[in-house]
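Heads up, the thing below is written out as structure tokens.
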Protein chains: 2
Amino acid sequence: MKKITMQDVALKAGVSKSTVSQYINSRFEFMGVSTKHRVEAAIKELGYIPNHVAKSLKQKKTGTIGVIVANILHTFSTEIIRAIEDECERNGFHLFVCNADDQPEKERSYIDMLVAKQVDGLIIFPTNGNNDYYKQLKTAEFPIVFVDRVINEPIFPTLLLDNESASQIAVDQLAKKGRTKIGLVSTSIVQKVTPRIERIMGYKKALASHGLAIEEDWIVAEQREEIGSRLQRLWDSGNRPEAFFATNDLALIELLRFIKKNKLVIPENIGVIAIDDSPFLEMATTPISVIKQPTFEIGQNAADTLLQLISSKNFEEEYEERRYRPILVERESI
Amino acid sequence: MKKITMQDVALKAGVSKSTVSQYINSRFEFMGVSTKHRVEAAIKELGYIPNHVAKSLKQKKTGTIGVIVANILHTFSTEIIRAIEDECERNGFHLFVCNADDQPEKERSYIDMLVAKQVDGLIIFPTNGNNDYYKQLKTAEFPIVFVDRVINEPIFPTLLLDNESASQIAVDQLAKKGRTKIGLVSTSIVQKVTPRIERIMGYKKALASHGLAIEEDWIVAEQREEIGSRLQRLWDSGNRPEAFFATNDLALIELLRFIKKNKLVIPENIGVIAIDDSPFLEMATTPISVIKQPTFEIGQNAADTLLQLISSKNFEEEYEERRYRPILVERESI
DNA sequence: CCTTCTCACTAAACCGGTTTAGTAAGTCAT
DNA sequence: ATGACTTACTAAACCGGTTTAGTGAGAAGG
């Protein structure tokens, strides 16, 4: 069935399509009342819906933004995306969301696809494997904002949690309850993912700040599927920490699974604290203490920063990364 | 900074842009080897990225699909969307995901926006408030697939859980454990949302099938924020069920919050079963039994059905709704 | 009455890639 | 030598909306 165009509306209303375009864009300054009503009636009668593809071609903008998430399984990612969506929507933009699964090749092909689709800008949780390509895009003055991870050069605005600070809070909380033997559980640091690296660094610094030794065996940083068995081996070795600090929600799930398997009681047998929250942690038998990221604020700011870049076209040579203060949610698990 | 176009590549390579277009589209049948290499080198040298907006205008397709979710807070929604994303991606399509918050006006404006953006089709979890508009789109032969909810006429393919069956399984499980006083917790049915209505209907039928009376006071179907206080009043009344059946994950969260507040022990003091799963339910102190939807299959089929509609352009007068068998995940909470 | 200005509207170029009919050169068969 | 066919390539129209310079009619001022 033939799609209705402005030309059809113009014919129906007895005007030119320029006049219809003026009407669609609410430019009524030089438009007779009779003309206006005829165009309005024609649009309604024909059920005309504008074609934004044609408009985008001429105006060289699409009103869309690409978001490339490194790992969408992290709850905080989806929370940040929700905030980005809300803020973009408030400004008349819509999102393509893509999941790179922490793979640089996937990320690269998403960037290409989104640039080809003429998105007006990108928000990327960078995988850290496309640094040359990021530089090319910088040279091309393509608007990009990074979130959650830092790359080797500060070429785009970068927003992320103060990870070391988050670890400091975690260790502080455990130490405050008298815990001196503190282990850490993380997902793999092979890819050198900023939050994981910085949180482990922060954990070490925090232990040192409490005069506590760093027990390398108590640092479990594995692929998610390996965490359980590593924890088991650690537990069975007899040299056990009193508490565990999980650096993200996926690590926490594996930690809780291990705890349940060994029929440990929180916090009597083992203390637990984690970074990032989930609705169920609050109402677990033992509600789990967490350090939250201000995901809504990060997302909103990321969106605003990008929209600013898009509209101003003012590109700085370098950008200072913006760090967000973590938020302690003290429950009963430590 | 000026964007590189095919014309620029053509000039560089010493060919016409038609030739460049043939190269980009891998049409080499009538192309000299020398020409091919010159075009290839020019593309690489200039860093040319095609403009899909121009291509879409000419070809009248964008390779994008709109997904309008009624309520994105439900975990099953995001699981279905993940499956849709994967399947669409496998077929070279990408998604716009919009959240209607169960509001028909929001849904309507999203449909308009997505049609204007020339998406090739829509997957909608319908709010049930735009039936006339759905019919208009049917008349216009716009490809749409409905998910999770049924509207008053079978004008588009519709995929959803066998909700009554899910409730039957829930009541069967509780009855099997000797529970005869079974309450139900749901989010609000004011909007007549298909799954909620059907699950309550299924619950009543299932009680009847076990010769159990329907205690209207034990049916809590409220706005999410009201559920806790309604449950509290029910509990304090003294006329209490032995177990609760939560019809979705949001209702379950409120139920668990109530249980925790009243220091009840699952399943000793109160049995619990719910529809829809979450990672944490498995490792709760008392792992919660659930009836899962086959979200991956539903999402994949929804995507395939829509892609079929898009490519075949073959629209039936009516469609039979497709029901999916629920899956029991027996844990320890009943 | 003539000139200038304003109002209301329109023709046509443009955005960038696709596609198709057309062109030129070379090959082959008669 | 000529006609038919194939290969390799290209000019230009098209997709649908935007935008701008242009046009005609009417009003106002000198």
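Below, read A as the first sequence line, B as the second, and so on, with proteins coming before strands; counting in each chain starts at 1.
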Legend entry - Between the first and last five pairs of the helix from C:dC1-D:dG30 to C:dT30-D:dA1, the angle of the axes, rounded to 10 degrees: 60°

Inset, instruction - State plainly whether the residues A:Asp86 and A:Arg90 are in salt-bridge range, i.e. N to O under 4.0 Å. - result: no

Inset, instruction - Decide yes or no on side-chain contact (heavy atoms from CB on, under 4.5 Å) for A:Val67 and A:Leu122, but give the supporting numbers first. - result: CA-CA 6 Å; A:Val67 176; A:Leu122 286 169; over 6 Å; no

Strictly under 3.5 Å: I want the nitrogen or oxygen pairs between protein and nucleotides 13-17 of chain D, one per line.
residue : atom : partner : partner atom : Å
D:dC14  : O2   : B:Lys58 : NZ           : 3.2
D:dC15  : O3'  : B:Lys60 : NZ           : 3.0
D:dG16  : OP1  : B:Lys60 : NZ           : 2.4
D:dG16  : N2   : A:Ala54 : O            : 3.2
D:dG17  : OP1  : A:Tyr48 : OH           : 2.8
D:dG17  : OP1  : A:Asn51 : N            : 3.1
D:dG17  : OP2  : A:Met6  : N            : 2.7
D:dG17  : O5'  : A:Tyr48 : OH           : 3.3
D:dG17  : N7   : A:Lys17 : NZ           : 3.2

Legend entry - Basic-acidic side-chain contact under 4.0 Å: A:Arg82, A:Glu85: yes

Inset, instruction - May I ask you to list the residues of residues 27-38 of chain A, by number, that have any heavy atom positioned under 4.0 Å from an atom of DNA chain C? - result: A:Glu29, A:Phe30, A:Met31, A:Gly32, A:Thr35

Inset, instruction - For B:Val15, answer base if it contacts any base atom (sugar-phosphate contacts may also be present), sugar-phosphate if it contacts only those atoms, and nothing otherwise; contact means non-hydrogen atoms under 4.0 Å. - result: sugar-phosphate

Inset, instruction - Report yes if a donor N or O on one partner sits less than 3.5 Å from an acceptor N or O on the other, where the partners are the side chain of A:Thr19 and the base of C:dA8; otherwise report no. - result: no

Output side-chain donor-acceptor pairs under 3.5 Å for residues 41-50 of chain A, partner residues at least two apart or in another chain, one line each.
residue : atom : partner : partner atom : Å
A:Glu45 : OE2  : A:Lys12 : NZ           : 2.8

Inset, instruction - Sequence neighbours left out, what passes side chain to side chain contact (heavy atoms under 4.5 Å, CB included) with A:Lys117? Give chain and number order. - result: A:Phe96, A:Met113, B:His52, B:Thr64, B:His94

Inset, instruction - Hey, could you give me each pair passing side-chain hydrogen bond (donor to acceptor under 3.5 Å, both in side chains) that has a residue in residues 293-311 of chain A? Not counting sequence neighbours. - result: A:Glu79-A:Thr295, A:Glu87-A:Gln300, A:Asp276-A:Gln293, A:Asn301-A:Tyr324

Inset, instruction - May I ask you to verify whether the side chain of A:Ser18 and the base of D:dT19 hold a donor-acceptor pair under 3.5 Å? - result: yes

Legend entry - Test item: B:Asn71 side-chain N/O and B:Asp102 main-chain N/O as donor-acceptor pair under 3.5 Å: no

Inset, instruction - Report the distance from atom OG1 of A:Thr127 to atom NZ of A:Lys192, rounding to the nearest 0.5 Å. - result: 14.0 Å

Inset, instruction - Give a yes or no on whether the backbone of A:Lys138 and the side-chain of A:Glu141 come within a donor-acceptor separation of less than 3.5 Å. - result: no

Inset, instruction - Compute both the distance and the angle, then confirm whether B:Lys36 meets the cation-pi test with B:Phe28: under 6.0 Å from the six-membered ring centre, within 45 degrees of the axis. - result: yes

